[in-house]
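Values below: all heavy atoms of this structure, side chains included; hydrogens, waters and symmetry mates excluded. Sequence lines set the chain letters: A, B, ... in the order given, protein chains first and strands last, and positions in each chain run from 1. What you see is a predicted model, and the numbers here were worked out from it, not measured in a lab.
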There are 2 protein chains.
Amino acid sequence: MSRQRRPQTLYRRIHTDIENKIRSGEWAAGARIPVEHALMAQYGCARATVNKAVSALAAAGLIERHRRAGSFVAQPRIQSEVVEIPDIQAQTVRQGGQYGFRLLSRRMRNAAARRPEELALARGEPLLELRGLHIVNERPFALEERLISLAVVPEAGAADFHALPPGSWLLQHPILSKVWTDAEHRINAVNIEALAAGLLEISQGTACLAVERRTWRGEEQITYVRTIFRGDAYGLTARFKPDRG
Amino acid sequence: MSRQRRPQTLYRRIHTDIENKIRSGEWAAGARIPVEHALMAQYGCARATVNKAVSALAAAGLIERHRRAGSFVAQPRIQSEVVEIPDIQAQTVRQGGQYGFRLLSRRMRNAAARRPEELALARGEPLLELRGLHIVNERPFALEERLISLAVVPEAGAADFHALPPGSWLLQHPILSKVWTDAEHRINAVNIEALAAGLLEISQGTACLAVERRTWRGEEQITYVRTIFRGDAYGLTARFKPDRG
DNA sequence: AAGGATTTGTACGTATGTATT
DNA sequence: TAATACATACGTACAAATCCT
């Protein structure tokens, strides 16, 4: 054999060789990738090995494969990005900061018909409404409003949210951390109103990030959360590599 | 054989069976997944088939695999989300809207040492600075400031950005759409200042989403873009399913 | 500390099915 | 219809990592 050293596994080498050709632009979008038999010959390996490498690229969205037609470099799509929206408590503690949560209010009531986000959550059924303040290094950091459907998560009615913020409680709950099947985030900029400004100790009208999160289990909505981050102290960041599909 | 109809392929059936057990909570985080030989026996198939299904789950981050130790359900991580940050022009046209771009200014200059985002882009080397307005349905929609390193992308010096917004130009350029290897987004809320407010036709101080984007090719930074979206007209949305890893 | 057992990782070669041209 | 190229699956083999004795 001619190979003295194998820097990685064979299928991974094929994978990265092709990926590099695509990312460098040598193989442009729409270009045809050599057929599996050609790659077999080129690398002197079995077809299963080639197939594993190329199928992985297809699963990652870098190429498209069609029977009989062949494999082609996919069109790039810049739109899809990964944004980290961290758990505030975990993030703070990891960075050596002090974290606190102050429960501002907690009440049970029925969903109001005139507010669409509540109606979707529970058509007239009981809701748990929570409001609280995330505190980082003894300064207010974010304001959270949460609605939990008691029809779906009756256990929440008995939980003590003074010690643990509801987000962490939901995450740590052995069953509940897995009940959701779909989620949606909406990110907006808002001028903060007087009341919330007072709680966050910033001046009225300051631009803040509002992150809304909804979760579902199947067709049933479980929670609605709206978190308003102090605009001067928080931004979302994402680092990523080009994706295709 | 007992199977009359095969709803999908075998490895996909194994894949979804396991995924359902995890997502339903029947197999909690940390739980051990049956070893491959057990799954072989259970499904009456070869190890390669089991391996393909379980390896795909590992690649997707739902489970972790370790030689000799076994395969385990991964801890859920809520932090990682997918946010669509669409190309404004493509998005607008797809929805049947009218799109326009107005170039406000364009000049070449050297990077200023006192502005860190410029210095990282080109240490004293020439930059192309562009400012422009995205217009949707004849109303201003977003304000864009862009810096392009002419050392990395000399072709940009000759391009006509009156017809095509620079973002689309970069995307459509056959070579340039593939040169970047890394990118970063930063999303903040800002109170818009007077000058920009006038261009966007909103009142000064309105909360707007500011999306900063940096792209690199290896160690070299290629572009820095800051887009300020009219706060009342734009929000980011993401829909996703639980992820693990 | 050494060695055997277990479990996943990679790869081979073969076979057959399926979608598309 | 026939040929092509990918899709799935089988059974085998050996390697690598790790756990247990």
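The CG atom of A/L10 sits 9 Å away from the C1' atom of C/dT10 (whole-angstrom rounding). Following rounding to the nearest Å, B/H15 (NE2) and D/dT8 (P) show an atom-to-atom distance of 12 Å. Residue A/R65 contributes atom CZ, which lies 18 Å from atom P of C/dT18 at whole-angstrom precision. If you measure from atom CZ of A/F72 to atom P of D/dC6, you get 9 Å, rounded to the nearest angstrom. One interatomic measurement links the two molecules: CG of A/N51 to P of C/dG13, which rounds to 15 Å at whole-angstrom precision. Distance CZ (A/R12) to P (C/dA11): 10 Å, rounded to an integer number of Å. Counting to the nearest Å, the P atom of D/dA7 and the CZ atom of B/R13 are 22 Å from each other. To the nearest angstrom, P of C/dT14 lies 16 Å from CD of A/E36.
When the nucleotides D/dC10, D/dC6, C/dT10 are ranked by their closest atom to the side chain of A/Y11, C/dT10 comes out on top. The side chain of B/R68 lies closest to D/dC19, out of D/dA7, D/dC19, C/dC12. Here C/dG13 is the nucleotide among C/dG13, D/dC6, C/dT10 with the atom lying nearest to any side-chain atom of A/A46.
Contact detail for B/S71 and B/V54: the closest heavy-atom pair is OG-CG1, 4.3 Å.
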* Would B/Y99 and B/N137 satisfy side-chain hydrogen bond (donor to acceptor under 3.5 Å, both in side chains), going step by step from the backbone distance to the final call? -> CA-CA 6 Å; B/Y99 175 82; B/N137 294 328; over 6 Å; no

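Using a 3.5 Å distance cut-off with no hydrogens or angles, the side chains of A/N51 and A/Y11 do not pair a donor with an acceptor.
Residue side chain A/R47 reaches the base of D/dA7 through a donor-acceptor N/O pair under 3.5 Å, judged by distance alone.
Distances shorter than 4.0 Å separate some side-chain N or O of A/S71 from OP1 or OP2 on D/dC6. Distances shorter than 4.0 Å separate some side-chain N or O of A/K52 from OP1 or OP2 on C/dT10.
Within 4.0 Å (heavy atoms only), B/H66 reaches sugar-phosphate atoms of the nucleic acid but no base atom. Residue B/R32 is classed as a sugar-phosphate contact, given heavy-atom separations below 4.0 Å to backbone atoms only.
Comparing A/T49 and A/R67 against DNA chain C, the residue whose closest nucleotide sits nearer the 5' end is A/T49.
Below 30°, between 30° and 60°, or above 60°: for A/F229 and A/F141 the angle between ring planes is above 60°, a perpendicular geometry.
Judged by distance alone, with hydrogens and angles left aside, the side-chain atoms of B/T16 form a donor-acceptor pair with the main-chain N or O of B/R13 at under 3.5 Å.
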